[in-house]
Amino acid sequence: MALPVEARSESWPGRIGAGVGVGFAAGALLGAVASNWGDIDVVLRDKPWPALVRTGSQMAQYGGTLALVGGTYAAVDCFAESVRGKKDWVNGSLAGAAAGLALGLRIGTLPSAIKAAAALAAVSAMVDVSGGRLVGTGLVDDGATPPRKIYPYNS
């Protein structure tokens, strides 16, 4: 299944807004899960309001971080595309490096920022080179393997 790449906005405000919005929404969801994943402090047990405030602040923190990453990626991608005059994997690699640098500086130190920049640039390059598909072709969905019946019903 391919992602609907043609449905995305081509204007730079729309692309940056989508990057920030999707980043914030994904970060807020991740923050809600992370807030409730571990053990709750003894001070917060049986007290719903402090627990909700803690969850909300963690959602805002994670959402802000991923909004920064999404906005940085989209802004640098748009900038590189306008400066270079073409759409290719180099724009995504530059954007991935900038987004990884922003993420690493937001979370940790300069060495972690450099590692995150290299990792996001490599992942972005792989996705762009593969044509935006995260699923390979030919191994499983080649039609040579018959579909497996999980719960066959005899009627």
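Here the structure is a predicted model, which means the values were calculated and not measured. Scope of the values below: all heavy atoms of this structure, side chains included, with no hydrogens, waters or symmetry mates. Positions are given from 1 along the sequence.
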Min side-chain heavy-atom separation D128-D88 under 4.5 Å
no
Is it the case that the side chain of S35 and the backbone of A32 share a donor-acceptor pair, with hydrogens and angles ignored and the cut-off at 3.5 Å?
no
Through direct or indirect side-chain contacts below 4.5 angstrom among Ile, Leu, Val, Met, Phe, Trp and Tyr, which residues connect to V83?
F79
Other than V129, which residues form its hydrophobic cluster under the rule that side-chain heavy atoms must be closer than 4.5 Å?
V76, W89, V90, L94
Could you tell me which non-hydrogen atom of N91 sits nearest to which non-hydrogen atom of R84, and how far apart they are?
OD1-NH1, 2.9 Å
Which ILVMFWY residues are connected to L29, directly or by a chain of links, through side-chain heavy atoms under 4.5 Å apart?
none
Which pairs of donor and acceptor atoms, one on a side chain in residues 111-125, lie under 3.5 Å apart (sequence neighbours left out)?
unit_1 : atom_1 : unit_2 : atom_2 : d
S112   : OG     : T109   : N      : 3.0
S112   : OG     : T109   : O      : 2.7
S124   : OG     : Y73    : OH     : 2.8
S124   : OG     : G92    : O      : 2.8

Side-chain donor-acceptor pairs under 3.5 Å in residues 58-71, sequence neighbours left out?
unit_1 : atom_1 : unit_2 : atom_2 : d
T65    : OG1    : Q61    : O      : 3.0
T65    : OG1    : R106   : NE     : 3.4

Residue pairs fulfilling salt bridge (Lys or Arg N to Asp or Glu O under 4.0 Å) with at least one residue in residues 23-33, sequence neighbours excluded:
none
